[in-house]
Asks: 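Quick one: the structure is below, questions incoming.
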Amino acid sequence: MPSSQFVIMSRTPSPDGQMSPLGSRAEILERLSGHNTAPERPDQDLLYGPGLELHLPPGQDPVLQMLMNVSDHDIAWIAVLEMARELGWKILDPQTGRDFAP
């Protein structure tokens with residue numbers, strides 16, 4: 001199955017109508033490390049996890065959104081749903097416009 005791309009955003013609404021941050025880069029890296037998802041080197045914006053890649057916006061801190069490429073749907077979605085529940089993510093499919101927040 002080909003790779004699919006999704007946008008990760010915060011599920012928490014912002015009182016001022018702006019996009020709520022997912023967290024600081026350091027917080028995101030620390031929390032994702034517990035889900036076997038991390039960059040190859042600490043200074044990289046690309047994180048690798050089970051069947052997925054997460055792209056952090058270069059230089060953005062706090063992080064407002066990330067791109068996620070799923071290459072192995074059978075493996076990745078188990079980890080993605082767990083991360084989304086724990087980290088308060090909303091996942092948007094840019095091809096269909098549908099979003100979901102587990």
Asks: Taking only residues two or more places apart in sequence, or in another chain, which ones meet Asp43 in a side-chain hydrogen bond (donor to acceptor under 3.5 Å, both in side chains)?
Replies: none
Asks: Report the distance from atom CG of Asp93 to atom OG of Ser4, rounding to the nearest 0.5 Å.
Replies: 7.5 Å
Asks: If I take atom CD1 from residue Ile91 and atom CE from residue Met66, how far apart are they, to the nearest 0.5 angstrom?
Replies: 9.5 Å
Asks: Determine whether a donor-acceptor pair (N or O, by modelled atom type, separation under 3.5 Å) exists between the side chain of Arg11 and the backbone of Phe100.
Replies: no
Asks: So how far is it from Met19 CE to Gln65 CD, rounded to the nearest 0.5 Å?
Replies: 4.5 Å
Asks: Might you point out which heavy atoms bring Val70 and Ala76 nearest each other, and give the distance in Å?
Replies: CG1-CB, 3.6 Å
Asks: Does Gln44 have more than 12 heavy atoms from other residues, nucleotides or ligands lying within 6.0 Å of its CD?
Replies: yes
Asks: Which pair of heavy atoms, one from Met83 and one from Thr37, lies closest together, and at what distance?
Replies: SD-OG1, 4.2 Å
Asks: Is there a donor-acceptor pair under 3.5 Å between the side chain of Arg25 and the backbone N or O of Gln60?
Replies: yes
Asks: Closest approach of Pro50 and Asn36, non-hydrogen atoms and distance?
Replies: CD-O, 3.7 Å
Asks: About how many Å separate CD1 of Ile28 and CG of Leu56, when rounded to the nearest 0.5 Å?
Replies: 6.0 Å
Asks: For atom CD1 of Ile78, decide whether the heavy atoms of other residues, nucleotides or ligands shown that lie under 6.0 angstrom number more than 12.
Replies: no
Asks: For Trp77 and Phe6, take the angle between the two ring planes, folded into 0 to 90°, and tell me which bin it lands in: parallel under 30, tilted 30 to 60, perpendicular over 60.
Replies: perpendicular
